[in-house]
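First the structure, in the form of structure tokens, and then the observations on it.
Residue numbers start from 1 in every chain, and the chains themselves are labelled A, B, ... in the order their sequence lines are given, proteins ahead of strands. Reckoned from all heavy atoms, side chains included, excluding hydrogens, waters and symmetry mates.
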2 protein chains.
Amino acid sequence: MALAQVTDVAARAGVSPATVSNALNHPDKVSAKTRERVRQAIEELGYVRNDAARQLRQQQNLAVGMIVLDIGNPFFADVARGAENTLGELQRPLLLGNSSQNAERELTQLRLFEEQRVAGILITPVGDALQRLGQIKDRGIAVVIVDREAGADEFSSVSTDDVLGGRLAAQHLLELGRRRIAVIGGPRIIRQVADRYEGARTAASALEDATVQLWDTGAMDSQAGRDATKTLLALPAEERPDAIFATNDLVALGALQELTRAGIHVPEDVALIGYDDIQFAASATVPISSIRQPAQEIGARAARLLVAAIADPSASVQHPVFTPALVARESTLGP
Amino acid sequence: MALAQVTDVAARAGVSPATVSNALNHPDKVSAKTRERVRQAIEELGYVRNDAARQLRQQQNLAVGMIVLDIGNPFFADVARGAENTLGELQRPLLLGNSSQNAERELTQLRLFEEQRVAGILITPVGDALQRLGQIKDRGIAVVIVDREAGADEFSSVSTDDVLGGRLAAQHLLELGRRRIAVIGGPRIIRQVADRYEGARTAASALEDATVQLWDTGAMDSQAGRDATKTLLALPAEERPDAIFATNDLVALGALQELTRAGIHVPEDVALIGYDDIQFAASATVPISSIRQPAQEIGARAARLLVAAIADPSASVQHPVFTPALVARESTLGP
DNA sequence: GGCGAGAATTAAATCGTTTCAATTTCGGTT
DNA sequence: AACCGAAATTGAAACGATTTAATTCTCGCC
């Protein structure tokens, strides 16, 4: 059974296909009476427009694609929700993809979005996809970088100041008297990791006796946190850190689990701070200190910038930067 | 600047458009030499196929749509990842949508998927979308229900036995001597909520003096958990429950926060159990007992059933049911 | 060297919608 | 009652790929 299409609707309503199309897309061009007749025919036949044909003819797709690093991370889930809500209000469908911090999957997703001829792409890139994104932009697809400042001024970006965030975290630990800070997260090519680490080092450089070392984990989930922590605990006592700065809260939660399991007291023996301030950080066994980023707002802002770039490709690029904030809890302060 | 298309590639490679298409879609029909020439022309021109045109001509879309109740809930994020991985292996793009437990958004998403002519839909329906889904199936789009048993045998479904899960939770509480169980979650039209509640009541009906009451929250997030708990705490002491069964872990986490804030001891004063066993349940202030469901496996299984249904629409429907398991932690057992 | 089978290539039709330009209808005026 | 401009409607072309059926090559063999 073939699906109903415009010609069927037109026949049923006793008008031409062109009029059906107008009734749907330019209602002001059609008399009220005809509009109603078409509406009824559509209803009776259960007509659903074929978006492929529409796109082909219109030479454009309203939809926007988004690629996040890890949809299982509540931080990115929130960013995605922020974007989704904003785009929804603007009647733009969102195609949500997930790179799992995997460059190959990222490319697959990008290719898919290109084939779909999406109007724009929101992306938190894995490593160095910038060149590829440049090509995409040249193809007329708007691009906005999410949660990372785009160095070049080719695309707009929305970010928080990760260097500052790293500094805030380390300063907090240093002020509490900690001197050996282990930064855990990775891989290093992820810009967020590099920036947060850099911020932490900057903070420590002010003090003679403070050290900051990066332990590169392959991923950024709680498993990575557990693994890295095991490594740290295996160190000789004098090399063991007195503070851990996890580059996101999932990693911090994993670290906390492993520390607890090993009977290490947090924060007495080792202080712990995470990043993102996902809602679960506050309700952890030991509530985890963190650096807060306004997740939903980041997504919403990125969506708005993207839509603006779609509407006017020549509009000047912008790089709004949100300011992260320290949220101190028991994992650093103690009870 | 127009994008390159098959004719351009054909011209560059010195062949006809038909050959370019064959090189792409039926490589075995094209000589190795020609294939290579086409490949090169594609590369030089940066040709990216227009999926709308392809779909229109082929009369089919490989992509699959998925609608989850709440992408911010790690349980559904995991289900989605399970589905995504499986579909990825089968070369099928996944369009991920989020209903936020909102029937209207669900309809919007479904409409979108219909217009896209997706090959199939994976959905955890809000309330009573079954009739609508029937229409969709009649249109030739395969449907598989996720995380809820479809009563009718119109579509396949993948679920866990939520009635059993509810029973396990309540039995556990009853065995620990609790007698006044408050079930919090909602809205009630969500099948999971109704089933888990029913299971709990069944368990209690075996005991003379046990009561189970449902407190319907509008949503299923931690805010709902906090609000419901506030209501419970405002009850006169003799009506106050000695155990709370939250219909998912987000709600349980919210409840725990509110209990802690009010100085109520968990589990001494009030025992608490959640549902889903998301990873954050184990690392909560007081580790939360929960009912585990194999999230990723559910998603993967649903994806496989869907692909099978797409391949053979007349294939018999199946209703695999996973068995939930109690995971007892401190929030019921104590230290 | 010619023949024929199978491989390789291609011309032209087609998918379902929207749009452009052209035509028809309508309401109001003189 | 004829006419005019604006509003409403329509026929036919167009979007960019794939497919079918027909045509052209290739190569081994007699």
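For dT10(C), one of the phosphate oxygens OP1 or OP2 lies less than 4.0 angstrom from a side-chain nitrogen or oxygen of T19(B). Residue H26(A) places at least one side-chain N or O closer than 4.0 Å to OP1 or OP2 of dT19(C). The side chain of Q58(A) contributes an N or O atom lying less than 4.0 Å from OP1 or OP2 of dT19(C).
Along DNA chain C, the nucleotide nearest L24(A) and the nucleotide nearest Q59(B) are compared for position; the residue whose nucleotide lies closer to the 5' end is Q59(B).
The distance from atom CZ of R117(B) to atom P of dG16(C) is 9 Å, rounded to the nearest whole Å. Between N61(B) atom CG and dT18(D) atom P there is a gap of 14 Å when expressed in whole angstrom units. Whole-Å rounding puts the Q5(B) CD to dA14(D) P distance at 14 Å. Here the P atom of nucleotide dT10(C) and the CG atom of N25(B) are 16 Å apart, to the nearest Å. Note: CD (Q60(B)) to C1' (dG16(C)) measures 16 Å, nearest angstrom.
Of all heavy-atom pairs spanning S156(A) and L305(A), the tightest one is CB-CD1, 4.1 Å. P125(B) and L133(B) make their closest contact through CG-CD1, 4.5 Å (heavy atoms, listed as atom of the first residue, atom of the second, distance). Heavy-atom minimum distance, E106(B) versus I67(B): O-CD1, 4.1 Å.
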Show your reasoning for whether salt bridge (charged side-chain N to carboxylate O under 4.0 Å, His left out) applies to R12(B) and E44(B).
-> CA-CA 9 Å; R12(B) 177 117 193 176; E44(B) 288 167 6; 2.6 Å; yes
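At least one side-chain heavy atom of R37(A) sits under 4.5 Å from a side-chain heavy atom of T34(A).
In this structure, V15(B) reaches the sugar-phosphate backbone alone: every heavy-atom distance under 4.0 Å involves primed, P, OP1 or OP2 atoms, never a base.
For D70(B) (side chain) and M220(B) (main-chain N/O), no donor-acceptor pair under 3.5 Å exists by modelled atom type. Judged by distance alone, the side chain of N85(A) and the main-chain N or O of G82(A) form no donor-acceptor pair under 3.5 Å.
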Polar atom pairs (N or O), protein with nucleotides 20-25 of chain D, under 3.5 Å:
none

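Partners of V48(B) under the side chain to side chain contact (heavy atoms under 4.5 Å, CB included) rule, at least two apart in sequence or in another chain, are E114(A), E115(A), R117(A), R139(A).
Checked by atom type, the side-chain pair Q192(A)/D147(A) shows a donor-acceptor distance below 3.5 Å.
Of the residues in residues 31-51 of chain A, those lying under 4.0 Å from DNA chain D by heavy-atom distance are S31(A), T34(A).
Listed nucleotides dG16(C), dT19(D), dT9(C) differ in distance to L56(B); the shortest reach to its side chain belongs to dG16(C).
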